[in-house]
Amino acid sequence: MNFAILLNMASGSTADTGAALGSSGFMIVILLFFVVYMWMMSRREKKNRNEEQAMRDNLKVGDEVVTIGGILGKVVSVKDETIVLETGADRNKIRFTKAAIATNASANARAQADKEAKEAAKAKEKAAKKEAKNK
């Protein structure tokens, strides 16, 4: 069944559709949209949770991190569920659970540098192809 016809039927219009579904049909269509929307949102949320968990599992000594509370520090030690951060010039050490880590600034910087290097290599390759074509 064509989507436009289904919407037309759900709205109660009878032009070119035969018998209309009525208000119960409209409710079914609205419910269907709601279910699909919620399913897509839960998938996106699950993907974000998995990415955050992977980031926390891949923490290494020396990484610069930001906690959920906004504390900036360098990872000094990593254990199963906790990490120790060194903060400030006076080198205070604070122990946090891995769940308290919001972002890994070092990994983000490495990812950005890798992306820029790939783009530069791609631009260089395009320039070489263009130069070879012009000769």
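Along the sequence shown, residues carry numbers from 1.
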How would you list, by chain and number, every residue that makes a salt bridge (charged side-chain N to carboxylate O under 4.0 Å, His left out) with E51, sequence neighbours excluded?
none
Kindly determine whether I94 and V84 satisfy side-chain contact (heavy atoms from CB on, under 4.5 Å), including the steps that lead there.
CA-CA 6 Å; I94 307 171; V84 177; over 6 Å; no
Checking S106 against R110 for the side-chain contact (heavy atoms from CB on, under 4.5 Å) test, could you report, in this order, the C-alpha distance in whole Å, the side-chain angles of both residues, the deciding distance, and whether it holds?
CA-CA 6 Å; S106 298; R110 283 191 299 264; 3.8 Å; yes
Only counting residues at least two apart or in another chain, list the ones meeting side-chain hydrogen bond (donor to acceptor under 3.5 Å, both in side chains) with E119.
none
Among all residues two or more places apart in sequence or in another chain, which pass the side-chain contact (heavy atoms from CB on, under 4.5 Å) test with K46?
R49, N50
Partners of K126 by side-chain contact (heavy atoms from CB on, under 4.5 Å), sequence neighbours excluded?
none
Just to verify, what does E52 make a side-chain hydrogen bond (donor to acceptor under 3.5 Å, both in side chains) with, not counting sequence neighbours?
none
Just distance, no hydrogens or angles: give the donor-acceptor pairs under 3.5 Å from side chains in residues 66-80, sequence neighbours left out.
{"from": "T67", "atom 1": "OG1", "to": "G69", "atom 2": "N", "distance (Å)": "3.4"}
{"from": "T67", "atom 1": "OG1", "to": "G70", "atom 2": "N", "distance (Å)": "3.4"}
{"from": "T67", "atom 1": "OG1", "to": "I71", "atom 2": "N", "distance (Å)": "3.0"}

Given side-chain contact (heavy atoms from CB on, under 4.5 Å), test T103 with V65 step by step and report yes or no.
CA-CA 6 Å; T103 60; V65 297; over 6 Å; no
Hydrophobic clusters here meaning ILVMFWY residues chained together by side-chain heavy-atom distances under 4.5 Å, can you tell me if M55 and L85 are in one?
yes
Kindly write out the residues that satisfy salt bridge (charged side-chain N to carboxylate O under 4.0 Å, His left out) with K60, not counting sequence neighbours, or none if the list is empty.
none
What salt bridge (charged side-chain N to carboxylate O under 4.0 Å, His left out) pairs are there with at least one residue in residues 81-98, not counting sequence neighbours?
E86-R91
Looking at residues at least two apart in the chain, or sitting in another chain, which of them share a side-chain contact (heavy atoms from CB on, under 4.5 Å) with R44?
M41, N48
Restricting to side-chain contact (heavy atoms from CB on, under 4.5 Å), what partner residues turn up for I28, sequence neighbours left out?
none
Output the distance between atom CG (L59) and atom CG (N104), rounded to the nearest 0.5 Å.
5.5 Å
Which residues share a side-chain hydrogen bond (donor to acceptor under 3.5 Å, both in side chains) with Q112, sequence neighbours left out
E116
